[in-house]
Amino acid sequence: MKVSILDDYFDTVRTLDCFRKLAGHDVTVWNDHVQDVDALAERLRDAEALVLIRERTQIRTPLLERLPKLKLISQRSVYPHIDIDTCTRLGIVVSSSQHADTPSYATAEFTWGLILAAMRAIPQQMAALKAGKWQIGVGHTLRGKTLGIYGYGRIGAVVAGYGKAFGMNVLVWAREPALAKALADGHDTAASKAEFFERCDVLSLHMRLVDATRGIVKAEDLARMKPSALLVNTSRAPLIEPNALVNALRAGRPGMAVVDVYEKEPLRDVNDPLLTMDNVVCTPHLGYVSRDEYEIQFTDIFDQILAYAAGTPANVVNPGVVERPR
């Protein structure tokens, strides 16, 4: 099959051990990011299988209708960036492993690293040292403070465990089944959403972006946070109402934020408000970006291509797809 891999910024995929799974296939790897439909239609015109690195590129109807040879989209995890109904109509199989028993430890570890960095102002202290200054303030330790986990799924549960290991009091707010699991795991749960935002010293978001969670964090929620509190978002930017976080930080509640995800990615506007605030640690969506995580993810992605080529598509998210001459 002719396979195209998008958005491999550092040409990493071909260096993975699992890349050998595609031996015998005609593989093209694109190292830049393009969202223009005309440009994508041109570079993907011969592609039979399309590999996506998470949600970096939007695969919408205007593009799909210009890819007559495309038979398979293979990726991992959720797929809000793909027009699934259009794929079904056009006979394109979408395979996406949901890895139910495998949390992204890379994201969980990165989240914890950012929490430590923000609470001790490590990036700011480093920048000051390089500018010839010796210590610019006093940070905060984590032991004894309250770590809030909003959304107790696979990653949230791992981050909660890290918090417990650091001597923090873990407080969870989530849907009822997840709250029951958090209690069973030995964590406290909040009586209400309002209490949750009021009590947390560090509040980390760990939810998938679906219609029900879009904008689930409101301006009034952030306004309940302590002036000393840290808001952490390594999940999805639209979980927070548009502009609510910037306005809240300007108002002083919460006092700090960690952001790894943005409304529009890649974020290249150096004047974006989040990038200009001294009380915000910003990173370019690095949560899942590690070589070890890539090996895990692309093993699944390439296995899905092999399964399709063998006539037994796996992890199909649009089972209603109709095979037809294209």
What are the two closest heavy atoms between Asp221 and Ile216, and how far apart are they? OD2-O, 3.6 Å
Closest non-hydrogen atoms of Gly255 and Leu249, given as atom of the first, atom of the second and distance, are C-CD2, 4.3 Å
Hey, are Ser77 and Arg208 close enough side-chain-wise for a donor-acceptor pair under 3.5 Å? no
If we ignore angles and hydrogens, is there a donor and acceptor under 3.5 Å between the side chains of Tyr152 and Asp185? yes
How far does CG of Leu72 sit from CG of Leu70, to the nearest 0.5 angstrom? 7.5 Å
Let's go through Arg43 and Thr28 carefully: what are the C-alpha distance in whole Å and the side-chain angles of both, what is the deciding distance for side-chain hydrogen bond (donor to acceptor under 3.5 Å, both in side chains) to 0.1 Å, and is it a yes or a no? CA-CA 10 Å; Arg43 66 172 48 178; Thr28 302; over 6 Å; no
Given Asp303, which of Ile301, Thr299, Ile305 fulfils the side chain to side chain contact (heavy atoms under 4.5 Å, CB included) condition? Thr299
Would you call the rings of Tyr288 and Tyr294 parallel, tilted or perpendicular, where under 30° means parallel and over 60° means perpendicular? parallel
Sorted by chain and number, sequence neighbours left out, ring pair (Phe, Tyr, Trp, His ring centres under 6.0 Å) with Phe302 holds for Phe298
Which residues pass the side-chain hydrogen bond (donor to acceptor under 3.5 Å, both in side chains) test with Ser95, sequence neighbours left out? none
Assess the residue pair Asp46 and Lys2 against the criterion (salt bridge (Lys or Arg N to Asp or Glu O under 4.0 Å)); give the C-alpha distance rounded to whole Å, side-chain angles, the decisive distance to 0.1 Å, and a yes or no. CA-CA 7 Å; Asp46 294 324; Lys2 290 185 179 294; 6.0 Å; no
Mark yes when over 12 heavy atoms from residues, nucleotides or ligands other than Arg54 sit less than 6.0 Å from its CZ; otherwise mark no. yes
